[in-house]
2 protein chains.
Amino acid sequence: MEKLVSTTLADRAFDMLEAAIVSGELAAGERLSEAMLARRFGISRGPLREAIGRLEGKKLVERTTHIGPRVTSLAPEDLLELFYIREALEGMACRLAAEKLSAAGILELEALLAEQAKAADVNAGVGYFQAHGDHDFHFRIAEASGNRKLTNLLCGDLYSLLRLYRYRSSLRVGRAKTALNEHRAIIKALRSRNGDKAEEAMRAHIRNSRTSIEKALREAAVDAKELDGAVK
Amino acid sequence: MEKLVSTTLADRAFDMLEAAIVSGELAAGERLSEAMLARRFGISRGPLREAIGRLEGKKLVERTTHIGPRVTSLAPEDLLELFYIREALEGMACRLAAEKLSAAGILELEALLAEQAKAADVNAGVGYFQAHGDHDFHFRIAEASGNRKLTNLLCGDLYSLLRLYRYRSSLRVGRAKTALNEHRAIIKALRSRNGDKAEEAMRAHIRNSRTSIEKALREAAVDAKELDGAVK
DNA sequence: CAACTGCCAACTGTCAACAGTTTTATTGAC
DNA sequence: GTCAATAAAACTGTTGACAGTTGGCAGTTG
């Protein structure tokens, strides 16, 4: 048996499509032509269709009959709705992590945070932080919950959905430093092994993220209106 | 335009399969033969495959290459993990509902509860309560949250997953009356428009459900062990 | 010049057939 | 009688082709 890569074509198509979608290579709302994608991946339309079906089940693409599949496009309200879900789920994950995390695990988190602090300093807290560091931090805590279904839901489904919405990094200038402090508070709560405090620390963090985005969205809406008025 | 039912074959197959799975007609862990299902639905394997793909994305079926799709089977630990997720999400839904629910909405909930109380009395609180009433109650609150993504996640994905695990109703004897009281407490918190209280009331309710199931599972495990010993 | 009608190309939905793998049944040996 | 090996049956993965629908383009008409 040399076929260690016994993945089916549909599997590979699924992975490639998901990667292309969350990376933004396939823009939100873009129509996916089956024939084109089939040529691009070098496979037939059958497996491709199955892959698209799976993505549809994951809410990453939507379909309308005879017109074709499109990448799910998230309205600003949808993004905010997802943040309420994140607050609930990551709060729970953080509570569980506080009860289960090993001393070594906490040290790892602190090391990660120290690295982020450096990066945040270097970049004056703009893009990088949100892109990689924040992500990793939340990932680790989700995994530390020890709840596999919760971890999969957060890291697998929810985060790929969140990435569909590409907010301009300018929306978040100045948030990085605050967020870093909130991460410190979370680790402190984790170290105390207090589930209540850990959950509340995480929820406050995500709540603040949400209000920050809400504010940015309002400002963006105002700008758009002014621009619209100017054009007219 | 008389073709209001422009559903595709794959859509119908998806609906029928999902219904068959959550109703238990297709048992958990059962292997799904594509040819058999295609004959049964009177369609070809193409659309069927796509429907199965969607269910796979929804985590209702799992696939292994060249062996075929099987209905996802939930271990007891998986069930408990789902209850932690429920606690987080429904707690959040209840908080949002407390802030948004109209007076009329609260009256509807109370009416529903009164109906359940009658049914619970009649059946001495065994099967019916859990099967319909509890479900409806939680559904309504999820919808009242006003958060569409949250509602879909709870009512669409999570509940169909939960139904995969068919606990014998005997596991829950005596829980019905307690649960009814907990529902009353939830409504009381909703009426007070206090998000914190509403969230905590719902979380306590689901936590109690979980501990009740944990206890029942432990007892069932002991019984199984004794039975196993007797057989040997 | 604008709007409507009819046609055409492109695409999606569906199917039947082929290739490779797994499972089962049969056969033979010990 | 049991076990192993081989062959056949059944099933999944994949493909290419066909039918029905959608959207756009050109031509025509008011």
Side-chain angles (χ1 to χ4, degrees), chain A residues 1-21 25-73, chain B residues 1-21 25-73:
Chain A
M1 294 267 190
E2 74 275 49
K3 278 177 65 176
L4 294 175
V5 283
S6 81
T7 71
T8 147
L9 291 183
D11 284 334
R12 265 177 287 177
F14 175 80
D15 289 338
M16 290 167 104
L17 266 179
E18 186 176 22
I21 289 175
E25 189 181 338
L26 293 171
E30 183 170 338
R31 273 181 50 182
L32 303 175
S33 156
E34 294 182 0
M36 190 196 72
L37 290 173
R39 274 199 308 272
R40 176 169 161 183
F41 294 152
I43 63 175
S44 180
R45 277 180 51 219
L48 187 83
R49 229 148 187 298
E50 194 192 314
I52 291 178
R54 262 186 264 178
L55 290 171
E56 192 180 354
K58 251 183 113 173
K59 309 284 172 68
L60 274 170
V61 315
E62 292 167 344
R63 227 178 207 157
T64 49
T65 314
H66 286 299
I67 289 181
R70 296 184 312 284
V71 179
T72 300
S73 91
Chain B
M1 292 265 191
E2 75 276 46
K3 279 180 64 177
L4 294 174
V5 284
S6 80
T7 71
T8 157
L9 290 185
D11 284 334
R12 265 178 287 177
F14 174 80
D15 290 337
M16 290 168 103
L17 266 179
E18 186 176 22
I21 288 175
E25 190 180 338
L26 292 170
E30 182 170 341
R31 273 182 49 184
L32 303 175
S33 157
E34 295 182 0
M36 190 195 73
L37 289 173
R39 274 199 310 273
R40 177 169 160 183
F41 295 151
I43 62 176
S44 179
R45 279 179 49 216
L48 188 83
R49 225 147 194 298
E50 194 191 312
I52 291 178
R54 262 186 265 178
L55 290 170
E56 192 180 353
K58 249 183 116 175
K59 310 285 173 67
L60 273 171
V61 315
E62 293 167 343
R63 226 177 206 159
T64 50
T65 315
H66 286 300
I67 288 181
R70 296 185 313 285
V71 179
T72 300
S73 91

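Please read these numbers as outputs of a predicted model, since none were measured by experiment. In what follows, chains carry the letters A, B, and so on, assigned in the order in which the sequence lines appear, proteins first and then strands, with residues in each chain numbered from 1.
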### Task
Nearest 0.5 Å please: distance from the CD atom of B:Glu50 over to the CG atom of B:Leu55.
11.0 Å
### Charged N-O contact under 4.0 Å between A:Asp11 and A:Arg54
yes
### Message
Going by salt bridge (charged side-chain N to carboxylate O under 4.0 Å, His left out), name the residues that satisfy it together with B:Arg31, two or more places apart in sequence or in a different chain.
### Response
none
### Summary
When rounded to whole Å, the CG to C1' distance for the pair A:Leu48 and D:dG16 reads 15 Å
### Query
Under the side chain to side chain donor-acceptor pair (under 3.5 Å) test, which residues partner B:Lys59, sequence neighbours left out?
none
## Note on the structure
Its contact letters, B for base, S for sugar-phosphate only and - for none at protein heavy atoms under 4.0 Å, make nucleotides 6-14 of chain C read ------BBB
### Value in whole Å for how far the P atom of D:dT14 lies from CZ of A:Phe41
14 Å
### Message
Measuring only between side-chain heavy atoms, which start at C-beta, is A:Val61 closer than 4.5 Å to A:Leu17?
### Response
no
